[in-house]
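Quick note on labels: first sequence line is chain A, next is B, and so on, each numbered from 1. Everything numeric here is computed off the predicted structure, so don't read it as measured data.
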Number of protein chains: 2
Amino acid sequence: MSAGATKAMHPPRRARARRGEGEKLRTQIVDAASRLLVETGDEDAVSIRAVADAVGVTPPSIYLHFADKNELIFAVCERYFDELDRVTTAAAAEADDPVESLILRGRAYVKFGLGNPEPYRVLFMRKPTDTPITFQYEKIMSSSAFGHLRDAVAGAVEAGRIEGDPMLVSLYLWSVVHGITSLVISKPSFPWPEIDGLIDDIVRSALFGVIRRV
Amino acid sequence: MSAGATKAMHPPRRARARRGEGEKLRTQIVDAASRLLVETGDEDAVSIRAVADAVGVTPPSIYLHFADKNELIFAVCERYFDELDRVTTAAAAEADDPVESLILRGRAYVKFGLGNPEPYRVLFMRKPTDTPITFQYEKIMSSSAFGHLRDAVAGAVEAGRIEGDPMLVSLYLWSVVHGITSLVISKPSFPWPEIDGLIDDIVRSALFGVIRRV
DNA sequence: CGCACTAACGTAACGGCGTTAGGTTAGCGC
DNA sequence: GCGCTAACCTAACGCCGTTACGTTAGTGCG
């Protein structure tokens, strides 16, 4: 498979942390892993050994702060969870109309995913056996991103602009934006039409399916 | 990570094939890999060594017929490509109405994906760098499954039942069914509502967004 | 019948990976 | 100044994909 990116590029051995400051290593590990992920754009390049090298520490030291490799990778990608919420919330605020606001929110979701493909893949396209259980349920359900979507949909329903159960409609809209996002991530060489137009088209068609007719 | 499933379960050494029958090994390899994939339900259990063991041959012999591991795994999953077309085509034939037929087709797509999660993951949810280029473009574009969808959409447009460019609408519908499929595959522990109802709800809402109003 | 040729494999090894058992060092309290 | 323990390191296991190269056995030919 051959994934390794940087090799044998030991920075100077990290100085041992002082007593009571053992947690400093944890953030240094996450920072290094995060840097590796964005620089290589390849999850496989973020190996325990590569991260340890980047921090200036030996591989087993990683396990002082993470149970296994997955825990580390998800610790890195968890940061993108919050940013996804920030980005979609900001986009949704650009329109007053509830439906138009949902459209902007959907577009922002897709563009964020396409702009951060590897974190998105880890968070939303992974095999469940390689996904910590909290990232299958609570972390999503209680995430601001999903909560804000549900609130927005519920608001649009109350305003009489959208029909249906807010939860079902939210899952529907999530499916749509996740669908195009993950397809483009997985098949970038597919002859997609102009991407911005496609996204707009898809999101609008999707919302048109649950809109309240006059 | 620890993926290995069966270990040291050598079946008797395979007898060498006769002259001119070297291709027999290839199908035996694909068969064994396919069996491993469905039995374990885990792509990682399909290692070169495990497949070689199952066939009764040594690991390097795999490379007589496959350039690398990905080529083998996709050779296995390619079979599901055809079955996906068969299943969706059969489902679509159950209704005369073009729109209702598309709904049935969509539901069949999702259920097939959920029924074969690992092959679906390999075919449609993988990292592009681990996906043979032909599976990003030609194999999909020229696949009967996608072609039949486009034909069905085009027919519905000509019949005046659906609005829009057939290609764009097809990509839209594909995004929707792939979206819910991949989400459920990736997050099976998410508190989904009753799944059959959800699928039907989503597919109907999606088609409602491109239907022609009277 | 025997022999060279080559198709159809096998042997041995390289460098990587995640992970674990157990040892070592250094700062702080007493 | 001394023991305790937090904060690491050493060494290794067993797996992985992949490669260079050696071996065996059918088969057409003389």
Side-chain angles (χ1 to χ4, degrees), chain A residues 1-10 12-29 32-33 36 40 42-75 127 129-130 132, chain B residues 1-29 32-33 36 40 42-75 129-130 132:
Chain A
M1 245 48 171
S2 85
T6 42
K7 49 177 63 180
M9 282 189 51
H10 312 271
R13 254 317 161 65
R14 190 185 92 110
R16 179 193 290 242
R18 285 193 279 184
R19 281 229 163 171
E21 298 182 350
E23 288 299 314
K24 277 191 175 177
L25 178 55
R26 191 197 147 90
T27 67
Q28 290 182 11
I29 290 172
L36 263 174
T40 64
D42 186 356
E43 173 195 355
D44 292 341
V46 187
S47 68
I48 293 282
R49 284 175 155 89
V51 173
D53 251 38
V55 177
V57 93
T58 60
S61 297
I62 308 282
Y63 293 90
L64 296 171
H65 297 281
F66 301 93
D68 52 33
K69 192 196 167 181
N70 277 331
E71 209 174 286
L72 167 57
I73 290 219
F74 274 86
K127 183 172 14 175
T129 39
D130 289 348
Chain B
M1 250 40 174
S2 83
T6 43
K7 49 178 62 180
M9 281 188 50
H10 312 269
R13 254 317 160 67
R14 190 186 91 109
R16 180 193 289 240
R18 285 194 279 183
R19 281 228 164 172
E21 298 183 350
E23 288 299 314
K24 276 190 174 178
L25 178 55
R26 191 196 145 90
T27 68
Q28 289 182 11
I29 291 173
L36 263 175
T40 65
D42 186 354
E43 173 195 354
D44 292 341
V46 186
S47 68
I48 293 282
R49 285 175 156 88
V51 173
D53 251 39
V55 177
V57 94
T58 60
S61 297
I62 307 283
Y63 293 89
L64 296 172
H65 297 280
F66 302 92
D68 52 33
K69 191 194 167 183
N70 277 331
E71 211 175 284
L72 168 56
I73 291 217
F74 274 86
T129 40
D130 289 349

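- The residue A/Ser47 sits close only to the backbone: its heavy atoms come under 4.0 Å of sugar-phosphate atoms, none of a base.
- Checking the phosphate oxygens (OP1, OP2) of C/dG10, a side-chain nitrogen or oxygen of B/Ser61 falls inside 4.0 Å.
- The minimum heavy-atom distance between B/Gln28 and B/Val55, with the atom names listed, is O-CG2, 3.8 Å.
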Q: Let me have DNA chain C in dot-bracket notation, would you? Count Watson-Crick plus G-U wobble pairs, both distances under 3.5 Å, and use [ ] for pairs crossing earlier ones and | for inter-strand partners.
A: ||||||||||||||||||||||||||||||
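- Considering every non-hydrogen atom in both A/Ala50 and A/Ala45, the closest pair reads CB-O, 3.7 Å.
- Between A/Arg26 and A/Ala75 the shortest heavy-atom distance is NH2-CB, 4.3 Å.
- Nearest to the side-chain atoms of B/Thr58 among the listed nucleotides C/dT20, C/dT11, D/dG17 stands C/dT11.
- The side-chain hydrogen bond (donor to acceptor under 3.5 Å, both in side chains) check on A/Thr58 picks up A/Ser61, with sequence neighbours excluded.
- Among the nucleotides C/dC9, D/dT18, D/dT10, the one closest to the side chain of A/Arg13 is D/dT10.
- Counting to the nearest Å, the P atom of D/dG17 and the CZ atom of B/Phe66 are 14 Å from each other.
- If A/Asp68 and B/His65 are placed on DNA chain C by their nearest nucleotide, the residue sitting closer to the 5' end is B/His65.
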Which protein N or O atoms sit under 3.5 Å from an N or O of nucleotides 27-30 of chain C?
unit_1, atom_1, unit_2, atom_2, d
C/dG27, N2, A/Arg19, NH1, 3.0
C/dG27, N2, A/Arg19, NH2, 2.5

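- One can place CG of B/Asp44 at 16 Å from C1' of C/dT19, the figure rounded to the nearest angstrom.
- Looking at residues two or more places apart in sequence or on another chain, you find no ring-ring contact (aromatic ring centres under 6.0 Å, His included) involving B/Phe66.
- For B/Lys24, the side-chain contact (heavy atoms from CB on, under 4.5 Å) partners at least two apart in sequence or on another chain are B/Glu21.
- The distance between atom NZ of B/Lys69 and atom C1' of C/dC17, rounded to the nearest whole Å, is 13 Å.
- A straight line from NZ of A/Lys24 to P of D/dA6 spans 18 Å, rounded to a whole angstrom.
- Between A/Val57 and A/Arg49, the residue whose closest nucleotide on DNA chain D is further toward the 5' end is A/Val57.
- Judged as a side-chain contact (heavy atoms from CB on, under 4.5 Å), and not counting sequence neighbours, the contacts of B/Pro59 are B/Ile48, B/Arg49, B/Ala52.
- Interatomic distance, CD1 of B/Ile62 versus CD1 of B/Ile29, reported as 4.0 Å (0.5 Å rounding).
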